[in-house]
Every structure is written in C-alpha cells, then in structure tokens.
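Within every chain, numbering begins at 1; the chains are lettered A, B, ... in the order of the sequence lines, protein sequences first and strands thereafter. Heavy-atom basis, side chains included; hydrogens, waters and symmetry copies ignored.
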Amino acid sequence: MSILDALNPAQRQAAATYAGPLLVLAGAGSGKTRVLTYRIAALVNEVGIAPWRILAVTFTNKAAGEMRERIENLVGPTASDIWVGTFHSICVRLLRYESEAFGLDANFSIYDEDDRRATVRRILEAHNIDERDLSPRSLIGQISQAKNAMLDPLEFSRQAGDNPGRRQVADLYTAYETELRRNNAFDFDDLLIEVVRQLDRHPEVLQKYQERFEHLLVDEYQDTNKPQYLLCRQLSAHHRNICVVGDDDQSIYQFRGADIRNILDFERDYPDAQTVRLEQNYRSTARILAAANAVIDHNQDRKGKKLWTEGPDGDPVAVVECDTDRREARHIVEQIRRQTGVGPYGLGDAAILYRTNAQSRPLEEELQRSGLPYIIVGGIRFYDRKEIKDLLSYLRVLVNPVDDITLRRIVNTPRRGIGDTSLERLQIFAQERSLSLYAALDHLDEVPNLGGRAQKSLADFAAILKGLIAAKEEMNLPELGNEVVAKSGYRQMLHDENTPEAEAREQNIDQLLAEMTEYFDEREEPSLEAYLEEKSLMTSADEKGENGHAITLMTLHSAKGLEFPLVFVCGMEENLFPTARAVEESRINPQAIEEERRLCYVGMTRARERLSLTYALRRYAYGSMIETEPSRFLNEVPADLIETSYEIDRGFARSRQRVGPPPAKRKKKPAPQGVHYEWDEGSQAAQTTTDFGDFVEQDDFLAVGQWVRHQQWGRGQIIEREGHGEKMKLSIKFAAQVKRVAVAYAQLEPA
DNA sequence: CAGCGGTTCATTTTT
DNA sequence: TGAACCGCTG
C-alpha cells in the first residue's frame, strides 16, 4: 500500500521517480499540484527523506500556502519543516539567514513598484532629464529587463557601446543601483539576482544549501526567468534531484522576463532528465477541452501535447456577439443570475475573466445594479492604500532608518510644514556629508539656508522618529503600530479631516492594527521585521477572499491555476485580446501573438462545465466609443463546438435578446456560424431580459447587494437581510468591516 | 507651503 | 473616462 495508489499511472510515475532530474509536462487540469504534494509526501513517508531537506518553490503565496496545507494533510505536522515558498520569499530568507556571510545589513527594505518609481523619478530629476524625454515607466522597464538578463550596470554599460540612448540608461541604471544600496533596499528583481550572485561569490554557503536540499521541486517552471533558472541550477547541482513541473502552453509571463526556453530546453540542460507527460484532464468537459486544444494548436513554439478526458461531452462553447461592452456586461450578469441559485450552481461557481483590468468597470456597474455579490481579485491591494502604505512606511523607517525614499514619504505626512524646499536643502547637506536624511536630522543647525520654522518642523519630526525607535525596543508589534498612529499625528489628522473618506481611512488603519494583533498572537516569531517582509511580498490576490458565494472577476493572468464550473471570457476582440501591441508586433514577428494565444488557452481551460466567450462590436475606450472586431481566437475554435448568439441593444433602455442572425447593419460576418444556444432550456419569454433600471426602482434600496451610505461608516454593500419593516436588520460590508445594523435606527441612504 | 483648478495622459498582464 | 500632474494663487 502506498499513498501513491491514489494517482493515475502517469501521475504516479511523476511522483515516484525520485532520483535525478525530472520534467513533468502537466497539462491544464491534469492534477499537477496533486503530483507535487503526493511526491513530497512519498519522499517523507515512504523514502524517508527528512522534511527539512526538501525545498518546494512556487510563484504565488497562494500556491505555496495551498501546497503546504495539502502536504500537511498527507504527512502531518512534520511538514512544517519543509521549505515551501515563493521564489521571492525563499530568496529573502536566504539573504537574511546569510546576511553576515554575504556582508549585508539584514534590515534591508523591499521596494515595491511605487518605491521604485519614486526612486527613478528622483534620479531623473537629479540628472536633469525631462520625464517627457524618458518616462519613469520606460526607465524602470529597461532597468528591470537588464536585471532579468543578469546584467549589472557595468556590463550593461559595456553593451551599450556608444549608442547615446543606451548610454544614458546605463548611467541612470548605475545611479539607481547606487541609490538602492545607499538606502539599504532591494527591489523585487534584486531579491533573486542578489541571491544568485552571492551564492556564486560564496561557494561555501552555496555548498551548504546544495547539500542540504536533497530534493528540489519547482512549480510553474514555464514562468521562470533567468535568475530563477540559475538559482534552480545552483541549488540542485549537488544532488541533482530536481523536479520541475510546468506547461509550456501556459507560459504567460514572458513580458516580464520569463523564458519559455527554460522548460523547452530542460532536457538539453539535464541530458539524463526523464520526462513525464500528464495529459489526462480531470477538469473540463470534452467540448471545452477540444475547443481549447484547437486554439493552442495554432502555436508553433511548443512541445505539443493533447489533453483528453474521460468525462462527458458537455455543452457547446457559447460565443456571444454583443453590440456594446455594456450590453456584454449585462448579458453576462443576466446569464449568471439565471444559471445560479436554482440548480447545482452557486454564484461562487461563476467567474468572469478579462484581458485588462479596465474591462472590469462596466461589469462592476452591471453587477451593482443587479445586486449580485461579487469580488474582484487583484484590484488595488489593501496594502497599496495610501494610509496603509504610510503607516507601514513609518514602521519601515524604524527598522531601516537609512531608507531615504521611505522617509521622504512620511516626513510631511501628516502635514508638518516641511515642504520641498526645506527637504531639498536637507538633502543637499546630507549628500555633502554622505549622510542619510535621518542622520542629517541630528545636524539641523548646520544645514545652510534652513529657515527657523523649517528647522523647528524637522526637529519635531526627528523627535517623533527617535521616540518611536525607542518604543520599538519595548513594545510588541500591535503596540508599536498604535504608538505610530498616535505619535505621528496620523490618527489626529484623519480625525480632524472629519469626512466620510477620512473615516474610512481611519477604519482601514484600525483594520491593519487588528491584523497586527492577530499576527502577533498567531506567529511563533512575530517580529516587526518578519511582518514587514511578509507584507512586502504580498499580492492583491493573496488577500483573504472570504466569500464562497460571490461572483469572481479577474484578469486572465490572475486566473491561472484556478478553476470554475462557469466561466465567461469577455472582450474577445482584436486589439484587446490579442492586445493591440501584440497585433502590431505580430506583423513583423508572427510569434508575438503566441503568448496571447496561450493566455486564451489558460482562460478557456479554467472552465469545468460551461464556457462562454463574448465580444462587443463597439466598446468604450478612452472615453469614446470605438468599433471593434471579433478576436482571431474565436475563428480558431471549430464551428461544430460552438453555438453563437447575439445580444443587440436597440438604443433603448428595454433590451431584448435577439435570436438568429444579427440585424442588417452588420458589415461582414466574421463570427463563426452555429445555431442559437442557451444554457438553460428556458423559454423564449424568459430570454427577454428585464430592464435593470426598472428592477432596481421597484425593489427597495435595502435589498441584498445594494450599496448604501451610513452616517458613521460610509459606503457599504448589503450582504444579508433579515426581518421586515421596523424589525429589519442588515449586515453591511463597509470598507473596513462588516456591521449589523437595525434599519429603524441606522439612517441609511442609497449610495 | 498648501490647496485648487485646469490640463494632459494613458490602458496589458504582476511575482 | 478617469487619475495624475502642473502651475497658480492665497
């Protein structure tokens, strides 16, 4: 008896091939995570490998968390000794553990996109470069590219030759690196390349980890970039037990430096590698699978595999032409409303996927009107909110006071009368003395041209920081958080503002403080440093999405790795999906479209039972209506797998679903043919959609899903209702928390 | 120095 | 359509 008996033969082979390099080509829905977790469980339980000698690397915190949990279920608490984490978190761990050997200050800050941008802008300013000549965005992109290619500023400069543009970027890249080191900060790219370089430089440290990690497992290998690839090579060089799992057809991060060659060339890098293909799909119906297979088959650059299933044929893929993006949104919402509730599906079973975040707007508006609950995955992070970032910035400065970029963020927040001019004077002074801004605060009376008032303000600020740094030594995390909010004047500032927005921000702060308490109570080693590190590496997708019964909205990228019974991929239009950029580029290089196609494949294979692909003939972009054309990907789906329908507004509020061919106005007919199709066998009468405007008017505004405003708590969405009339009680989800209110007493108004 | 109003600009995807 | 940025004024 082996736990591996629960696997199919291919899975078992993948899980039980313990020795040597192993490539697992795992198609969508083929049980990839299952193989990984069972492999680890077998290594521990049946081969007798010590848990701490296993390293498993993923791309997202979520994937890491899930894997850890599933392993725990199989092997018990000893699983906590296994190193499971994202590339970035593992690297931070190594940098901190080995900071002494590497000659680093372990209190380094981790810079996110915002910090990066702030840094770059300062550098552009210092070099007298107009942002119109070289945008921060473009510079960040070029620096990041260089880093992903493992080019340090020196090498980059050498390669730049005498191309003036490249020379300039080389100088700025050099300045950027200098600035980060001076601030004791790493950006996301640095975390990876720094480890690779340090391990190269310190063979004794490398050897320690090479020997320690007897088994290395890598998830989503198709998305690794060069530094990640090198790290895998380094760490697996001794035992050579490297198991990589991935799907070349799902490589969708090349734009960010992922190199699909890493997986395509694995067998060349490791000539003794064994390869296992997982091609049996346990997720989608045969028709969905056939449609997705047909699309991805148009790509040239792939290993080639064909997914199959023993499951039922299922429904045809619905292709829906809508005349506007708004109509498209309304159609999708209406379909979800009809398909869920009665019958096997709940709202949590439905997902709406789109190419760009901007597409979520009309969907959100329609969803709000309909009152159906929904969650957006990967919007703005909680930690990206200004007040949260400010508070965390205070904490960051307490840990790493030489971090000027972060200090600048808080020096005048709340307002202390410290303006650009004063700060600039301080900065110049600090630069001359090679001091950090923080250190320069000790010499305010020596700063030239600094006015008395400014000097006083800066001294006050310095005193606040000093006090907080002292407090850090004595207080635990939540206490310190409270102290920061109090002593910095942040709470007071929000309080004085006395607006609903400020109220909401104060609640967010409170939520963060509550979270710190939770963190402190639950973690074994709840240090401020560890807390900041965790938050820095967190993504919006990592935030706990409680609702199991809300519709999920997200980008196709965020959807990777997930599955839903009902999937709607919207905006299937040329120049949107594939994007204009990809279309443009494909004129020169036909391969340019392939990543978009893989993304399409990823989207389609998220669906378990029903897949709907929708497009609009006209769509709002930049505030004006533009004409669009159906995506080429639609034409790549065989017609016999499709059923097409049309959603046409007649320019009037009351809309009607049209059956059969579209009205005369259509120019050409690019959409694949097929007969009208509906999910449910609903009557034609049911097909006539109700005007949502009327619907909302009729129903009172206290229905579940409606948005209301509360005097104290601000805007919130009703998630639960009980009782009638004066006894009615509502649960309302406000920005910071869910509140139960009695309608009779709470003065609610529609929002 | 801070707040206001006008202008400009952009939309890919994110560990 | 909106956010972000700039320059002007109090």
Side-chain angles (χ1 to χ4, degrees), chain A residues 57-64 85-92 110-114 116-117 121 130-132 135-138 140-141 144 147-148 187-192 219-220 223-225 227-228 250-258 325-326 353-362 365 377-381 384 386 412-424 451 453-454 457 497 536-542 554-561 571 573 575-585 592 595-596 598-600 602-603 619-626:
Chain A
V57 195
T58 64
F59 270 82
T60 66
N61 296 308
K62 199 165 159 230
T86 64
F87 272 104
H88 289 85
S89 71
I90 298 282
C91 284
V92 171
I110 299 171
Y111 276 9
D112 66 10
E113 274 334 288
D114 255 22
R116 222 183 210 187
R117 188 157 145 269
R121 295 186 73 178
D130 194 317
E131 286 191 9
R132 274 168 298 220
S135 68
R137 200 191 134 97
S138 153
I140 289 170
S144 183
K147 288 189 175 188
N148 279 325
D187 65 24
F188 279 112
D189 297 328
D190 286 334
L191 297 177
L192 305 173
D219 194 13
E220 308 278 18
D223 285 330
T224 49
N225 63 16
Q228 289 160 340
Q250 293 186 67
S251 163
I252 55 175
Y253 284 109
Q254 283 179 62
F255 72 93
R256 207 172 63 194
D325 52 345
R326 181 147 298 277
L353 311 181
Y354 36 77
R355 181 65 241 267
T356 69
N357 279 122
Q359 288 169 255
S360 71
R361 185 161 306 153
E365 282 167 10
V377 176
I380 17 152
R381 298 188 310 171
D384 279 339
K386 187 175 179 312
N412 201 31
T413 313
R415 304 256 116 92
R416 302 187 173 91
I418 302 168
D420 287 342
T421 331
S422 312
L423 204 55
E424 223 30 61
R453 228 177 40 222
S457 306
E497 209 177 305
S536 305
L537 296 177
M538 205 131 144
T539 316
S540 52
D542 295 326
M554 63 187 148
T555 64
L556 288 150
H557 281 87
S558 312
K560 194 174 71 160
E573 295 144 35
N575 296 318
L576 181 61
F577 189 28
T579 60
R581 184 179 294 205
V583 171
E584 182 64 33
E585 222 177 296
E595 177 146 317
E596 294 288 308
R598 287 192 291 269
L599 196 51
C600 183
V602 167
R619 171 179 299 278
Y620 266 109
Y622 298 95
S624 63
M625 199 57 111
I626 56 163

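- Phosphate contact (OP1/OP2 of C/dA4, side-chain N/O of A/R117, threshold under 4.0 Å): absent.
- The salt bridge (charged side-chain N to carboxylate O under 4.0 Å, His left out) search around A/R619 returns A/E328, A/E573, not counting sequence neighbours.
- Between A/Y253 and A/H557, the ring planes lie tilted relative to each other; the angle falls in the 30° to 60° range.
- Closest contact between the side chain of A/N412 and the listed nucleotides B/dT13, B/dA2, B/dC1 involves B/dA2.
- Between A/R581 and A/E584 there is no salt bridge, since no side-chain nitrogen of the basic residue lies less than 4.0 Å from a carboxylate oxygen of the acidic one.
- A donor and an acceptor atom, one from each side chain of A/E424 and A/T421, are nowhere located under 3.5 Å apart.
- Between B/dC1 and A/T421, a contact under 4.0 Å exists linking OP1 or OP2 to a side-chain N or O.
- Looking at heavy-atom distances under 4.0 Å, A/Y253 makes contact with sugar-phosphate atoms alone, never a base.
- Taking 4.0 angstrom as the limit, A/S558 places a side-chain polar atom (N or O) nearer than this to OP1 or OP2 of B/dT14.
- In this model, the phosphate group of B/dT13 is not approached by any side-chain N or O of A/T579 to a distance below 4.0 Å at OP1 or OP2.
- In this structure, the CE atom of A/M554 is 15 Å from the P atom of B/dT13, given to the nearest Å.
- If you take CD of A/Q359 and P of B/dT11, they are 15 Å apart, rounded to a whole angstrom.
- Nearest-nucleotide mapping onto DNA chain B: of A/R137 and A/D420, the residue sitting toward the 5' end is A/D420.
- Counting any heavy atom pair closer than 4.0 Å across all strands shown, A/S624 reaches no nucleic acid atom.
- One finds the OH atom of A/Y354 at 6.5 Å from the OG1 atom of A/T555 (value rounded to the nearest 0.5 Å).
- Counting to the nearest Å, the C1' atom of B/dT13 and the CZ atom of A/R598 are 13 Å from each other.
- Nucleotide B/dT13 holds its P atom 12 Å from the CD atom of A/E113, rounded to whole Å.
- Only the C1' atoms considered, C/dC6 is 22 Å distant from B/dT11, to the nearest whole Å.
- Counting non-hydrogen atoms under 4.0 angstrom, A/D112 reaches nothing in the nucleic acid.
- Going from atom OH of A/Y622 over to atom C1' of B/dC9 covers 9 Å, rounded to whole Å.
- When each of A/R415 and A/L537 is assigned the nucleotide of DNA chain B with its nearest heavy atom, A/R415 is the one assigned upstream, toward the 5' end.
- Spacing of C1' atoms, C/dC5 relative to B/dT12, comes out at 23 Å, to the nearest Å.
- For B/dT13, its base sits under 3.5 Å from the side chain of A/R355 at one donor and acceptor pair at least.
- Interatomic distance, NZ of A/K560 versus OG1 of A/T60, reported as 8.5 Å (0.5 Å rounding).
- Within the structure, every side-chain polar atom (N or O) of A/N575 is placed at least 4.0 Å from both OP1 and OP2 of B/dT12.
- Using a 4.0 Å heavy-atom criterion, one finds that A/I418 contacts the sugar-phosphate atoms exclusively.
- Look at CD on A/E595: it is 12 Å from P on B/dT14, rounded to the nearest Å.
- Residue A/N357 places no side-chain N or O under 4.0 Å from the OP1 or OP2 atom of B/dT12.
- In this structure, A/F255 packs face-to-face on the six-membered ring of B/dT13, meeting both the 5.5 Å centre cutoff and the 30° plane limit.
- The distance from atom CD of A/Q254 to atom P of B/dT12 is 18 Å, rounded to the nearest whole Å.
- Here the C1' atom of nucleotide B/dA10 and the OH atom of A/Y620 are 18 Å apart, to the nearest Å.
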